[in-house]
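Encoded as structure tokens, the structure appears first; notes follow it.
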Amino acid sequence: MRYNFNQIEKKWQEYWAKNQTFKAENNSDKPKYYVLDMFPYPSGAGLHVGHPLGYIASDIYARFKRHKGFNVLHPQGYDSFGLPAEQYAIQTGQHPAVTTEANINRYREQLDQIGFSFDWSREVRTSEPDYYKWTQWIFIQLFESWYDHNSERARPISELEEIFAAEGNSGVNAACDDDVEQFSSSQWNSFSSEEKQKQLLKYRLTYLAESEVNWCHQLGTVLANDEIVNGVSERGGYPVIRKKMTQWSMRISAYSERLLQGLNTIDWTESLKESQRNWIGKSVGASVRFKVKGIRINDKDAWIPVFTTRPDTIYGVTFMTLAPEHELVEKITTAEHKDEVEAYVEATAKRSERERMADVKTISGVFTGAYAEHPFTKEPVPIWIGDYVLAGYGTGAVMAVPCGDQRDYEFAKHFDLPIRNIFQDVDISEEAYSGKEGTVIANSDFLDGLEYKAALQKAILELEKIGQGKGKTNYRLRDAVFSRQRYWGEPFPVYYVNGLPQMIEKEHLPLRLPEVEKYLPTETGEPPLGNATDWAWDKEKNEVVENSKIDHKTVYPLELNTMPGWAGSSWYLFRYMDPHNEEQFASEKALQYWENVDLYIGGSEHATGHLLYSRFWTKFLTDRGFLTVEEPFKKLINQGMILGTSAFVYRLEGENKFVSKKMSEAHNVQAIHADVSMVNASDELDIEAFKKWRPEFADAEFITENGQYIVGREVEKMSKSKYNVVNPDDICEDYGADTLRMYEMFLGPLEQAKPWNTAGITGVHNFLKKLWNLYHDHDNNFEVSDGKASVDSLKTLHKTIKKVTEDIENFSFNTSVSTFMICVNELSVQKCNFREVLEPLVVLIAPYAPHIAEELWQKLGHDSSVTTAAYPVYEEKYLIESTKEYPISFNGKMRFTLELRLDMSKEEIEKTVMAHEKTQQQLNGREPKKVIIVPGKIVNIVG
RNA sequence: GCUCGGAUGGUGGAAUUGGUAGACACGUUGGACUUAAAAUCCAAUGACCAGCAACGGUCGUGCGGGUUCAAGUCCCGCUCCGAGUACCA
């Protein structure tokens, strides 16, 4: 073998590991550059070819930056808490830590094979106590903070206590629960310690609140939407209902405006920013409260608060709709409607939120029998409940204006409720009218004749006068539920005294995850940590002790929930800066040097989850003085998903007989996924392998076409359950990591989703062989000449430098692979073996194919790694052209080309072109109406 | 449903600011080398029409319109596919 990639790659991977080639320094004179991949979850299926796509791209960029003289931080680690390991533990009884460790080792092996330039000395794992110690510490900081809207930042809770003690809470403009009651300083000072704690909990950035969850009674646990299929649990197929539970929440909504504004300061794609903007969902309007007629709760009038973006349409209100789970529903429903309402509420609890949002076709709802009072006309407004109103959305109630909102319109039509037209000269007999600009309000008393904007202002003013509303900005962004009823997550550093949460002090962290017998919820429906026998906190000894010692005097119960997957991943980028620090999550010095991530690469599926939460935590930590940056990720690129090409076999309904693809349409068949490894490139199934694959197929019969069983193909997400996973190991073995790296880039634009297909891999492999041959003679002896390269070769080189540099900067790696191919093809034809050209070429290709580059670099006589070799500089002088092949078009259609000097004037060009024999032939005697000449580009003759 | 993407030969894709559509690869076909095969190299390859050949012609970037001397690219209206949709990570 001339190009012995297996040997070369092994050699250099060992060299890099031994010499710690990619270790980043926290002390350096070089400018810093931080390149990060989104945190991988080490799944049991190992790495498939989709995972490395982004890693290869970021690795190319990291290596490029090293050539450009930067001190590059390019770390890797594992987001190692998570549901799949826990599921596996439930099924097999194996400790999630054991399977996680095994998965990580497998990941590492696979990653090492591909030749990434990670600084492994900085590896972190979220499930390690020395890591989650700091996740717990951040949680405590959030608990010890409140958000001050006057200064727009988080402040220590102790400062809030001082304010309360001095002046009560009336002057405080804080992000807090809706139900805070006003108290004076003297009232505060007279509160018991417990009462004070209860009040403070309403202000803390992490707090306990009732929130809605998907509860599965049979499994005794809360389920992710992901775990629910067609309204029942994926595991077992049990019913799932919406239920309220007390949970830890994160007051991310306090940061809505800053999360929105911050988007303007970062270099992310516009589409991703737009997703976040929509997720945050800022809308400006008014809050309005409607009095419920004849209902008093605790001797006070009952009110329904609503948020509307169109207070100008207040006179169009003809009914109200509450979410079925709205707290008032029970209290206002009249005896007459009780049964109907209860049945509806129960039915709604069975539907998922997503289902309710997606389903706009079925209109349902029931009347409560209660009426609200219109704030101005004082007319009765019937109160309905309907599942199109979501409890967690705004106030969970809407003032329905059927003439102006299509959903309200359809609801009104369906239930025969009145529709009152309040728009001048607008026909609403067919549908609602939601236009704003130019709309004139009518039938609305004091708003009559006013245009939209003026009416809006006037309506808010009048609502304020009667104390039933005010201008308000609303955000769709909801506080994030932070509790999980799981085992395999960070324990909360929390114990309870009289039901009130207390934080464990920093010096006693980490609070380690306890051992449990089984990973399922307890028989009484408590989370898995409820199975632990040693899960109580001794406040005096400051240690975890047996549950039996709980006396509520010095020993207290610990929190049984764990933190969600996004806890550890919201701040990991900072831990990489100083991963072994035992005193701080990272030193000030390291944080100041590395600041934040310069380039972040990962999938767009994180657009509104991880990427919003980590922005939130970063802002919070900065507010509290622990960080100096407002944003975690300066530039972000989304890599597209690599899809799998699934294979299907067709089983005749009710038989163990399979028909080939062609016959499948004529029969009643069931399509079954077959493992893609049993199918060749011509879609032919290896029948013997298939029979052995699963016992149920051992006796299967096959009806073939021309002796072959042909499978059906379909492009789907690459997944273990679809048997379409292709892993990179075989490719590294057969073609080498450099080929894999370049091939994955060659597949297409980084950001685009694309199906995996190894068909073209030989093209890339051949290219590397040709590259190798440039540096070697027929007998594979290294041979590079020190002579003078031809003008053509220098032109080829500099053209390549220019294009490849531009491509890297634009993250257009697929086109740079093509450029390298063209370059090597040209140099091969030119028979160029001059050092002057071949040495810069090695550096140019090193980020893409680092192993072959190192080998050739060494052969060129260098005794250190190519990693920090200076990047070649493009010189324009080699590319100056004096002529251009002009396309000559007639009526926009290119007919022929003509080589012309580039320094010709428009007139000269026209003269030459018109005089040309082919032009006359094309015109065939016609006189052109117009001749368009764009010098250096095109000539178009019209007429 | 809502939000954000995408659609170009047999296949993956290229086309910088509206200026030669299909670069570069794969595949296919033919040829060279070889006893043969593999490997390697050379040539052709969007579809259709015409022709002995040379020179050509028509259509063509998901669909329907529009703007322009010129549209894959810009505008309007659709179709289909993918991602996210708040407890998968």
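All heavy atoms count here, side chains included; hydrogens, waters and symmetry mates do not. Chain letters run A, B, ... following the sequence lines, proteins first and then strands; every chain starts at 1. Computed from a predicted model, the values in this text were never measured in an experiment.
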Counting heavy atoms from C-beta on, name the nucleotide in [options] closest to the side chain of [X].
{"X": "A:K770", "options": "B:rG13, B:rC41, B:rC87", "value": "B:rC41"}
{"X": "A:W279", "options": "B:rG13, B:rA86, B:rC24", "value": "B:rA86"}
{"X": "A:R486", "options": "B:rA89, B:rC87, B:rC24", "value": "B:rC87"}
{"X": "A:N825", "options": "B:rA21, B:rA25, B:rA23", "value": "B:rA25"}
{"X": "A:R476", "options": "B:rA86, B:rC24, B:rC88", "value": "B:rA86"}
{"X": "A:N766", "options": "B:rU85, B:rU40, B:rA21", "value": "B:rU40"}
{"X": "A:E885", "options": "B:rU20, B:rG13, B:rC87", "value": "B:rU20"}
{"X": "A:K769", "options": "B:rU40, B:rG57, B:rC59", "value": "B:rU40"}
{"X": "A:S271", "options": "B:rA89, B:rG19, B:rC4", "value": "B:rC4"}
{"X": "A:N940", "options": "B:rG19, B:rA86, B:rG13", "value": "B:rG19"}

Contact class for [X] vs. all strands (heavy atom < 4.0 Å): base, sugar-phosphate, or nothing?
{"X": "A:L477", "answer": "base"}
{"X": "A:N638", "answer": "nothing"}
{"X": "A:V942", "answer": "sugar-phosphate"}
{"X": "A:I932", "answer": "base"}
{"X": "A:K929", "answer": "nothing"}

Using 30° and 60° as the class limits, which term best fits the ring planes of A:F482 and A:W617: parallel, tilted or perpendicular? tilted

Using the [atom1] atom as the point on both nucleotides, what is the distance between [M] and [N], in whole Å?
{"N": "B:rG72", "M": "B:rU3", "atom1": "P", "answer": "29 Å"}
{"N": "B:rA25", "M": "B:rU45", "atom1": "P", "answer": "15 Å"}
{"N": "B:rA39", "M": "B:rA89", "atom1": "C1'", "answer": "45 Å"}
{"N": "B:rA44", "M": "B:rG22", "atom1": "P", "answer": "15 Å"}
{"N": "B:rA15", "M": "B:rC24", "atom1": "P", "answer": "13 Å"}
{"N": "B:rA71", "M": "B:rG18", "atom1": "C1'", "answer": "6 Å"}
{"N": "B:rC75", "M": "B:rU67", "atom1": "P", "answer": "15 Å"}
{"N": "B:rG65", "M": "B:rG60", "atom1": "P", "answer": "11 Å"}

Identify whether the glycosidic angle of B:rG65 places it syn (within 90° of 0) or anti. anti

Closest heavy-atom contact between A:C823 and A:T800? CB-OG1, 3.3 Å

A:L272 atom CG is separated from B:rG82 atom C1', nearest whole Å, by 16 Å

Between P of B:rA89 and CD of A:E490, the distance in whole Å: 11 Å

Is there, by distance only and without an angle test, a donor paired with an acceptor across the side chain of A:Q247 and the base of B:rC87 below 3.5 Å? yes

